Amino acid sequence: MENVLTAVPLVVFIPLAGMLINLFFGKYFGEFGVGFIGVTASGLAFVVAALLWAGLRDNNFEAVVVNPPLFDGWISIPSANLEIPWQFRVDTLSVTMMLVVSGVGTLIHLYAVGYMHGDPRFPRFFVYLNLFLVFMMTLVTGNNILMMFVGWEGVGLCSYLLIGFWFDKSRVFPDGVSEGWKNSNAARKAMIVNRIGDFGVLLAIFLTFWTFGTLDFYKPDEQPIGGHAEEAEEHALVIASTDEVIAEEEHDLSNMGFLNQAQVLLSDGEEHQVKFGSVDLSLKAIVTLITLLMLLGAAGKSAQIPLFVWLPDAMAGPTPVSALIHAATMVTAGVYMMVRANVLFHHAEVSSFIVTVIGATTAIMAGFIAVGQWDVKKVLAYSTVSQLGFMVAAVGLGAYAAAIFHLVTHAFFKALLFLASGSIIHGMEHGHHHSHDSHHAHHEEEFDPQDMRTMGGLRRKMPITYWTYVIGTFALAGIFPFAGFWSKDEILADSFRVFWDEGELKGIFALMLLITAAGFTAFYMWRQVSLVFYGEPRHEAGEHASESSLLMTLPLMILAVLSIFGGFLNTPSDLPLLTDLFGAHKFTDWLGHSVVNAHAGEFLWWLALGALGVAVFAIFAARQLYADETTSTVRITGDPLARNPQTSQAFALANAKLLWDEMYFKYLENPFNVASRFLADRVDWQFWHDFFHHNIVYLPFDQGAKGISGNVDKVVIDKGIMMVFARGPWEIARRVRRVQTGFVRIYALTILLGTVLVMIAILFPDIRDILGI
Amino acid sequence: METTVELILFFIVGGVAIAAAAMMLMSENAVHSALFLIVNFACVAFLYLMLNAAFLAMVQVTVYAGAIMVLFMFVIMLLGAERLASDSIPRFPWLTRVAMGLTMVFLALAGYFIIESDISSTDPEPLKPMVQVVNTLPDFAGVDVYLNEELVAEDVGFRQTSEFVAMPTGEYTVAFKEHGEETAESVALLNAASLTLEDNQTVALILLPTDAGYAVLPLEKDLETVAHKYETNVQLVHAAPGYNAVELADITKPDLEPHLLVENLEFGQVSETVVLREGSHRFALYEAGALDKAIANAGDNPVKASSVDFLHRPGASNLKGNTTTVYIVTPPIQRTIPGQAPDLLHFTNDNRPAFGGPTSVGMKLYTTYMLPFQVIALLLLVAMVGAIVLTRDAVPPPKKRFERRLANTASTPIVGESSQD
Amino acid sequence: MQLENTGVSIVSAVLFSPLVGVLVLLFWPRLTDKQVRIATLINTLVTFAFSLLMLSQFDSSKGMQMEQVDEWIAGLGIYYHVGVDGISIWLVMLTTFIMPIAVLASWTGIEEKVRLFHGFLLLLEVAMVGVFVSLDLFLFYIFWEVSLVPMYFMIGMWGSKDKVDFFGREMEARIYAAVKFFLYTVAGSILMLLAILYVGNKAETFDFMLIRDLMRSGQLVFTEETERLLFVGFFIAFAIKVPVWPLHSWLPDAHVQAPTAGSIILAGVLLKLGTYGLVRYNLEFFPNAAIDFAPYIGALAVIGIIYGAWVSYAQTDVKKLVAYSSVSHLGFVVLGIFAMNSAGIQGAVLQMVNHGVSTGGLFLLVGMLYERRHTKAINAFGGLWKIMPIYSGFALVIALSSMGLPGLNGFVGEFTILVGSAGSDTLDIWYTVLATIGIILAAVYILFMFNKVFMGPVTKQENQELEDLTWGGNWYELSALVALTVVIFVIGLYPKPFFELMDGAVGDLVAQLDATLQVAMK
Amino acid sequence: MLESSPVAIELYVLLSAVLFVMGTLGVLLRRNAILIFMSIELMLNSANLALVAFARQWNTIDGHLMVFFVITVAAAEVAVGLALIVAIYRTKKSISIDDLHKFEG
């Protein structure tokens, strides 16, 4: 089965083929054909990923680097020692990501066939989806950071295209902006904010290159030092000991990828100076810089403070896109990158601290905002931001395996939630259509199918959606035994361990914030469930809503199953029954073969119970709070929290998204625009192009010329000399001009005259002699 | 006497030329003018002949009188322009007087120039001396010959001649060394410490071995001589040291008595030029007086060439007209055998082409004046294209004509078509 | 100083094959406009084929090659000396590649004096290729100046019909732009001429290779002052052409007023004459001065990057936006050049090609829109993606390439340049940091333009019936775009051969610079 | 070596001068464009004659070559000139040189 590992390029090329087929021939196929090709491409990629998983197991979990066919290199400058090949990396981390991406991706493709039914640009949608898979696979399989960056930017592009997919919607919002423009601008915002993150990634890449001389994570014949691959027998690694082991060994740094180089250099306890242009820095400082810059990149892609603002807007895209890109896969790329570079983060304490703070703060902040949202997808979007904050915080805490574990489970339940919300929206739109047909009177009223205030009572109309949604909610809220419980608990346990065992401040900080965030999570999720599913319909659309087709509900059910059982991938080691059934931290062990610093946390009973308690309490509170609302058939005008004077301000703040967008506009965007216009119109055009060019260059020249011919002239020359030098020739010219008659014979005569004169001139000495002068 | 004839001819022809030019000017009819111009051109062509410019005379007649004037005639006829311009009222009545006056002044000045300049007494530029090397040194595979350290001939093999090289006038020392020997000292030549080259000279330097070493024998050649076309010049040089005087006879007809060409030529001497008819000739080299002796011995019997003892008798040589062939008596190749007869070596030079003939013009044209020639040719081409472009009528596009023809075939088959063209 | 005459080289064939077209256009009577276009297209394609042949014969292990030397003005040490190395060959390829596209771009746009226009195009090609291949300073200067003339006429005769207010007097904008373009460039090149004459006199030859050998062997040395003056003489000429900030104010005028083909060539190739000159002459001849000036020039480049991007964001005219983006992009190139290491310079050379392709492509796209709508105002459009999906697809690819999306050509160049500048000995890390901000800003203005033009709902009635690209209807536009797109992908995905070919030449140059730098640092 | 000419070269040159002057007069006084052309031809011829005479005197063939070139150029000139006349005649219906003092069709 080892040979199967060389098939890894297929995970990129199969979706690529699907994309190309749909791009060029999609319009001839019809919806079924296009959907079939798209789903098949994605499904085949999943099959390949599964084969890779099997192959990797047979290969003793040793990572393999595969060169793609045809492309024997990418950027290669021998004289600068810059050698960046196209190379695919198969190791446990990348295979995990591949499985998630293609697995969830396939389900979402399938769902999208139903969801996008009837859209005029159906083929184009699948082209983008497949293109997204291409880039996402490139991102996770790249063996060097630049190839990862290709995928990184590529998924950003797909995100841009898909957010703006409905750029031509002409429905006009109350604020006078049409939906099409809103979508387009959301797309642009996503891309630009991501670019700010990319700025960090690029600088990190430059620093990496000039520090380590290579951008490869690991060279082809290399295994991560200090990882499970070297000590396959041991299960849990104690980090302190590996450092010493590494330091004792001999290593040839010139033939190592940068992660191993960093591992070796940072483990030996010596100070390494890196000369960087004119600056001398210690290796430690460089690594800190690199990790901080990576954090900036991750903050962009994984929507962390301060760059998360694009993700809620990104919900403008079709719901499958929100599920695939903005929940399950792309947004986790930042986490993936940081986990991939865990060696660096592990050794950069300062960065880790900042990462933790950012992650935890994001988690609680987004959880808070989610409470105040009315849009069914916006709630989920902020929830995603919050959950990504969990993962990032986990990275900062050194719980890399937990971060990836949460990434996987989150992919399951968040994809589920988004798809289910899509199903809700679909149902509402359907209902709205239906009600329109019967009641033409309500035509004028603008209807927003995503507004939870118009929903209610959908439990009976859409039972499958309801049940799957509840499962997803439980998983997200961390209710035992759903997937989220296990992954979230592992992060919490790790933060406690960091605080308790290692005495680091970030541990307790993270623990407190994350538990609170978990409470928020449970609260806003149940608020949503209450408002959407319980009680009576508050709008005739809700009354006419109906369950979506099997094409859409089937993926929901599969994902629901995964959300229930996904957590058992990584059951802790000392649980009765469950450990016997599912093994102890299998997932962490598996991941440890590629993530050097992966380690399994202990299971803390009291912490797990505490977190569960908080979640259950939050759900209970939400249920109490929104019970009244659900029974009313009148549209909700305000949230109960808003009506309560004690919480109204907080709710308003949450509803206003903590004014992030406004702040950005006021302090960043607007000044940028104003400055841009000032530069362009005033500085460049009026001053430099017009004023400088005309008044400084042209006018003095012109005036100078005129000055000479004017003032000097008028006084001195004009009166006297001018008459001789200027008027004279003019007068002569006036007369001589008449010679130019146009009669050729006169010209000929003139020539003859000239000839004779010349001859006389030559003969002049002789003539003088003859005449005796 | 010849001078008077030519002078008379000149005045007659020149007078006709002037008269024709005057008639051309004054004739009212353009056709007449053109005809008179032709006469003028013919006269000029004749003058060219008198000035030894035979080729140009020919060109003048064909190109000018033939081609160009025909073109004129054609255009005049085409436009019907025989009397066109004279209808209009003269515009500048004063012009005639002014023009006449000015031209007369011009003529007077020009005449003054011409007479003052004294052209006839100016001597023509002398030609630079030309040097050629003839190698009769059997000891070397090839020699380099230097005149005052300047290489004039490189790698001249035994019995070979080099090309002519123009040298400045002056005194020269001749030296040679074996070709290919980089370091070798030049071999001194015995009798040629100095060689004087003068203007208009053409010298063949004959390198020859002597008993004491190597010597050079300058042979002045007169390639200027305009031989009759069918005649050829022959010269004999005695360059075999240690041999007695020799004589050369023509034995082309073996049954007749040998026709003595050169008699009693001592070593180092050069014979007078002998003029023969072109064609195949056989020569025989005798010891001086051998032929006389044979005639004396034979008495009344006719002496047959075959019966006389000769020193050397080369095979028949084909002598071309208008060339000069030099026969050189050289020692035999193997000089060790005493008493062996000398060898006879010959080389041929073309005489210079006649002045003003097509050959001389052509040679100059294709060497020195190659570039101007091409430029002129290009100019002609451009002029041709230009003329075509200028005279081109606003011809309707061919497609249209095709349509018209179709229409015509339907109505009036042939007449309509021809009328269109 | 003598050079042996050599046989005819393929380089000369590339250089002069457009002249065949010029002659045909001059002397072949009664060609219809369409025939003129076809003839020119064929001629440029044949030239491109020649250059491909040249590329196939290129041996990356050698330096300057396929040289041809012929005596020209022997008394002054001036030769007809042409040849290519790894640097110039790509620029020649770029030129010969862009020209057919320029012809296709003017397929319907130029309707007056078609024959003259195409004659100018071909003449321009000769001049531009000549600048890249000439290895004699004098020859270089002549081609340099000749390249101005056709462009001057192209802007002046076929430019837009706008009017400008010039000191209260109404003036044809295209005349104003053409004259400005001409004067700016000529003003710079006069200084260069002086410098060339000085160098030629001192070296007693104008031959690039001989001068280079003299300098490398230490036989030709300038004093510090002289070297700086000469450097500045060359630099100003090139900097105006590039244009380096703040000498850019001719560029928006020229670009906006020029016809589409003119803009494509101007952005695609003509600006590269300046950057090419910087690599070829400034770095090669005056390494000491270059090292001294590098921080200042680097600063100008970085300012140009940010300034250009920032200013283009505020533009309301698509063409002007693209024009200012050129200032930004070429800032990268200059930055790479003055990073003075292998990565920087190779990146710069590749980025020259990339910019030619992508910005040329953008101008082509704008030209197509202008032909359809007769306006270049961004506000006049919106939602074109819906109406012209194929056109917009191409526009997306080209815009992304210009924005530097990884996997497309722009990224490869910019990345390599920034890698170079980050590790440069002459430029601090801050230059790289600031230049990288330029990448963010590129996204800002490109996406601004793309959003405004292509996305959003269609609100204007005039835009409803715009014609999309089809093989049957407007094959010339489609084929030009396809060609550009193919190149964009090829360079983006597989730039290895491009670097491979230039590695020798750049490595050689960098080795010299390094040696100088080592001395300078001590 | 050519003998010197039996007729003094000056005579030839004088003849050439006379012919040249006659040609000049033709150009100045005649109004028929064709005749003016013919007069120009006459002038060229007289110059040729002088060239040939000098060549004879100085015994160099170069003068002949010059004449050869002059003849060629004259041929070219005649071709273009006559074509011009024909073209002008088409538009103006006149070949009088006095009618042609303005560049207008």
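These numbers come from a predicted model, not from an experiment. In what follows, chains carry the letters A, B, and so on, assigned in the order in which the sequence lines appear, proteins first and then strands, with residues in each chain numbered from 1. The basis for the numbers below is simple: all heavy atoms, side chains too, and nothing from hydrogens, waters or symmetry mates.
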Rounded at 0.5 Å granularity, tell me how far CG in A/Asn194 sits from CD1 in C/Ile440.
11.0 Å

Is it the case that the side chain of A/Trp210 and the backbone of C/Val419 share a donor-acceptor pair, with hydrogens and angles ignored and the cut-off at 3.5 Å?
yes

Distance (rounded to the nearest 0.5 Å) between A/Ile84 CD1 and C/Lys496 NZ:
12.5 Å

Please step through side-chain contact (heavy atoms from CB on, under 4.5 Å) for the pair C/Phe411 and A/Leu146, ending with a clear verdict.
CA-CA 11 Å; C/Phe411 175 74; A/Leu146 199 67; 3.7 Å; yes

Would A/Trp685 and C/Lys320 satisfy side-chain contact (heavy atoms from CB on, under 4.5 Å), going step by step from the backbone distance to the final call?
CA-CA 11 Å; A/Trp685 204 255; C/Lys320 219 159 160 186; 3.4 Å; yes

Quick check on the interface: out of A/Ile205, A/Asp168, A/Leu207, who has the most heavy-atom pairs with chain C under 4.5 Å?
A/Asp168

Keeping A/Trp688 on the side-chain end and C/Pro246 on the backbone end, is there a donor-acceptor pair under 3.5 Å?
yes

Between A/Arg188 and C/Met455, is the side-chain contact (heavy atoms from CB on, under 4.5 Å) condition met? List the steps.
CA-CA 10 Å; A/Arg188 176 157 65 108; C/Met455 292 173 75; over 6 Å; no

Report which part of C/Leu350 has an atom under 4.5 Å of a heavy atom belonging to chain A: side chain, backbone, both, or neither.
neither

Looking only at heavy atoms, what is the nearest atom pair of A/Phe199 and C/Val433, with distance?
CE1-O, 3.3 Å

Using the rule given for ring-ring contact (aromatic ring centres under 6.0 Å, His included), can you reason through A/Phe149 versus C/Phe415, listing the C-alpha separation, both sets of side-chain angles and the distance that settles it, and then say yes or no?
CA-CA 11 Å; A/Phe149 190 64; C/Phe415 172 78; 7.9 Å; no

Quick check on A/Leu202 against chain C: is it the side chain, the backbone, both or neither that has a heavy atom closer than 4.5 Å?
side chain

List the atom of A/Ala80, the atom of C/Ala343, and the distance in Å for their closest heavy-atom pair.
CB-N, 3.7 Å

Closer than 3.5 angstrom, by distance alone: can the side chain of A/Trp181 be matched with the main-chain N or O of C/Lys452 as a donor-acceptor pair?
no

Between C/Trp310 (side chain only) and A/Ala675 (backbone N and O only), is there a donor and an acceptor less than 3.5 Å apart?
no

So do the side chains of A/Phe167 and C/Lys386 get within less than 4.5 Å of each other, counting heavy atoms only?
yes

